Amino acid sequence: MLKSTLALLGLVLSTALALPSGPTRALLARNDPLQLSPRDLPGCATTAQGTGGDPDTGGRGIQLYNADNHKRSFFVYENNCDAVPLKYITLDPGQAAFVSLPAMFQGRIVRGTKKINLDGKAHWLGTWLEIGLDATGRGYADVSLIRGCDGAVTITAEDGTGVSTGFSDPTIIDDAPGSVLGFKDSGSQVLQATEGLLSIVFSPVRDYLASRIGYGNAYIDDYHGNPVICSANERFSATFYRGRP
């Protein structure tokens with residue numbers, strides 16, 4: 001028993017030491033292996049705010065573009081607040097709208113449906129567009145497939161640099177072998193998460209994603225690459241391609 005406990009502690013420690021660190025990560029605590037359960041802390045939203053688009057006065061936020069051929073809803077979650085999104089927006093095909101973000105925002109934007117994502121429960125499976133704003137007026141962003149993949153997304157810094165990250169492969173799910181597929185709570189079939197408890201990698205999914213998009217365009221696991229971009233003015237634009245909400 002003692003030997004098993006020591007082995008587990010060693011695995012946790014080695015996992016923690018292997019995680020990338022530093023200000024270039026969009027979310028420093030985005031994949032804590034000990035927090036894969038609903039994490040609703042004091043201060044989390046209790047009611048999601050629906051928006052048709054926020055006024056763009058030049059402040060911090062993100063321009064979302066729906067490049068899918070169907071109407072899609074997108075949900076903004078603060079880090080450690082998984083059951084109720086901060087806000088959400090529904091866009092027609094080809095529609096774009098600005099979504100403002102609060103100061104020091106740390107969280108993600110995901111595809112989803114109002115029926116599922118507004119049910120008061122945590123739903124993780126899918127592509128995460130991660131954004132972190134700091135106290136210096138800078139913003140950091142990345143695309144993570146660690147919690148699954150329900151379609152492609154790209155994000156660009158709107159500070160004049162034009163730096164971007166993400167991927168636009170429209171058939172990444174269509175072409176996947178059945179062994180790496182799973183189901184969202186909505187019933188949509190998508191790519192499974194690449195990591196489980198204690199950040200243990202599910203190699204078949206990780207290897208498939210690596211063969212399709214490489215490690216330089218999205219977080220596929222916590223051990224390769226650092227595909228984070230920085231915006232000096234906390235402003236971004238993102239395109240969500242064909243996906244499965």
Side-chain angles (χ1 to χ4, degrees), residues 26-27 30 43-79 81-120 122-124 126-134 137-144 150-168 170 184 186 188 229-245:
L27 294 173
R30 67 185 173 82
C44 290
T46 57
T47 302
Q49 173 192 351
T51 177
D54 299 326
D56 185 358
T57 59
R60 55 186 171 270
I62 183 167
Q63 182 87 356
L64 296 178
Y65 175 68
N66 177 20
D68 205 325
N69 53 5
H70 297 281
K71 180 181 290 188
R72 292 291 183 234
S73 294
F74 305 97
F75 299 82
V76 181
Y77 288 88
E78 292 182 285
N79 201 29
C81 300
D82 295 318
V84 179
L86 178 67
K87 60 172 62 177
Y88 64 94
I89 188 171
T90 299
L91 299 175
D92 289 327
Q95 184 182 4
F98 182 76
V99 177
S100 61
L101 297 173
M104 300 293 291
F105 174 81
Q106 298 278 319
R108 65 187 183 271
I109 302 174
V110 300
R111 292 179 185 84
T113 68
K114 286 184 275 190
K115 179 180 179 180
I116 298 298
N117 293 77
L118 300 181
D119 67 358
H123 305 283
W124 291 297
T127 305
W128 287 19
L129 175 59
E130 301 182 315
I131 298 176
L133 309 181
D134 68 17
R138 293 184 176 87
Y140 299 90
D142 65 75
V143 173
S144 174
D150 60 8
V153 60
T154 56
I155 184 165
T156 301
E158 293 297 333
D159 60 356
T161 63
V163 63
S164 65
T165 190
F167 66 103
S168 58
K184 297 178 70 170
S186 64
S188 294
I229 62 170
C230 175
S231 171
N233 61 5
E234 300 182 305
R235 290 174 60 85
F236 297 93
S237 62
T239 298
F240 281 82
Y241 299 90
R242 180 162 61 89
R244 302 182 181 183

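What you are looking at is a predicted structure, and each value in this text was computed from that prediction instead of being measured.
- I155 pairs in a side chain to side chain contact (heavy atoms under 4.5 Å, CB included) with only one of the listed residues (V163, T239, L129, D142), which is L129.
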Kindly indicate, with the supporting measurements, whether the criterion side-chain contact (heavy atoms from CB on, under 4.5 Å) is fulfilled by L101 and V76.
-> CA-CA 9 Å; L101 297 173; V76 181; 4.2 Å; yes
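- Shortest non-hydrogen contact noted between G112 and N117 is CA-OD1, 3.2 Å.
- The minimum heavy-atom distance linking V84 with Y77 is given by the pair C-CE2, 4.0 Å.
- For A96, the side chain to side chain contact (heavy atoms under 4.5 Å, CB included) criterion is met by Q63, Y65, not counting sequence neighbours.
- Every residue two or more places apart in sequence or in another chain was checked for a salt bridge (Lys or Arg N to Asp or Glu O under 4.0 Å) with D134, and none qualifies.
- With sequence neighbours left out, the ring-ring contact (aromatic ring centres under 6.0 Å, His included) criterion links F74 to F240.
- A distance-only check finds no donor-acceptor pair linking the side chain of D82 to the backbone of A122 [under 3.5 Å].
- In this structure, L133 and Y140 have side chains that are not in contact, with every pair of non-hydrogen atoms separated by 4.5 Å or more.
- In this structure, the separation between CD on Q49 and NZ on K87 is 5.0 Å, given to the nearest 0.5 Å.
- Shown here are the side chain to side chain contact (heavy atoms under 4.5 Å, CB included) partners of S186, two or more places apart in sequence or in another chain: I116, K184, S188.
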Show your working on salt bridge (Lys or Arg N to Asp or Glu O under 4.0 Å) between R244 and D150 and close with a plain yes or no.
-> CA-CA 5 Å; R244 302 182 181 183; D150 60 8; over 6 Å; no
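- When side chains are defined from C-beta on, W128 counts as touching V110, because their heavy atoms get closer than 4.5 Å.
- In terms of heavy atoms, P85 sits closest to L118 at CG-CD2, 3.8 Å.
- Separating the CD1 atom in I229 from the OG atom in S164 is a distance of 6.5 Å, to the nearest 0.5 Å.
- Atoms CZ and CG, from R111 and D68 in turn, are 7.0 Å apart once rounded to the nearest 0.5 Å.
- With D54 contributing its side chain and V99 its backbone, the two residues share no donor-acceptor pair below 3.5 Å.
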Applying side-chain contact (heavy atoms from CB on, under 4.5 Å), run through D159 and F236 and close with a yes or a no.
-> CA-CA 8 Å; D159 60 356; F236 297 93; over 6 Å; no
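- The OG atom of S100 lies 8.5 Å from the CZ atom of R60; values are rounded to the nearest 0.5 Å.
- The two residues F167 and G151 make their nearest non-hydrogen contact at CZ-O, 3.8 Å.
- Minimum heavy-atom separation, F75 to Y88: CD2-CB, 3.4 Å.
- Here the side chains of S168 and V153 are not in contact, with every heavy-atom distance at 4.5 Å or above.
- Judged purely by distance below 3.5 Å, without hydrogens or angles, the side chains of D119 and H123 pair a donor atom with an acceptor atom.
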Let me see the working for F105 and N79 under side-chain contact (heavy atoms from CB on, under 4.5 Å), right down to the final yes or no.
-> CA-CA 8 Å; F105 174 81; N79 201 29; over 6 Å; no
Verdict with reasoning, I62 to R235, per side-chain contact (heavy atoms from CB on, under 4.5 Å) | CA-CA 6 Å; I62 183 167; R235 290 174 60 85; over 6 Å; no
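- Closest of all the heavy-atom pairs between R138 and C230 is CD-SG, 3.9 Å.
- Of the possible polar contacts, one joining the N66 side chain to the H70 backbone as a donor-acceptor pair under 3.5 Å is found.
- In this structure, R72 contributes its side chain and G243 its backbone to a donor-acceptor pair below 3.5 Å.
- Listed by chain and residue number, D92 satisfy the salt bridge (Lys or Arg N to Asp or Glu O under 4.0 Å) test with K71 (two or more places apart in sequence, or in another chain).
- Judged as a side chain to side chain contact (heavy atoms under 4.5 Å, CB included), and not counting sequence neighbours, the contacts of A97 are I89, L91.
- Contact annotation: the side chain of K114 approaches that of T90 to within less than 4.5 Å [non-hydrogen atoms, C-beta and beyond].
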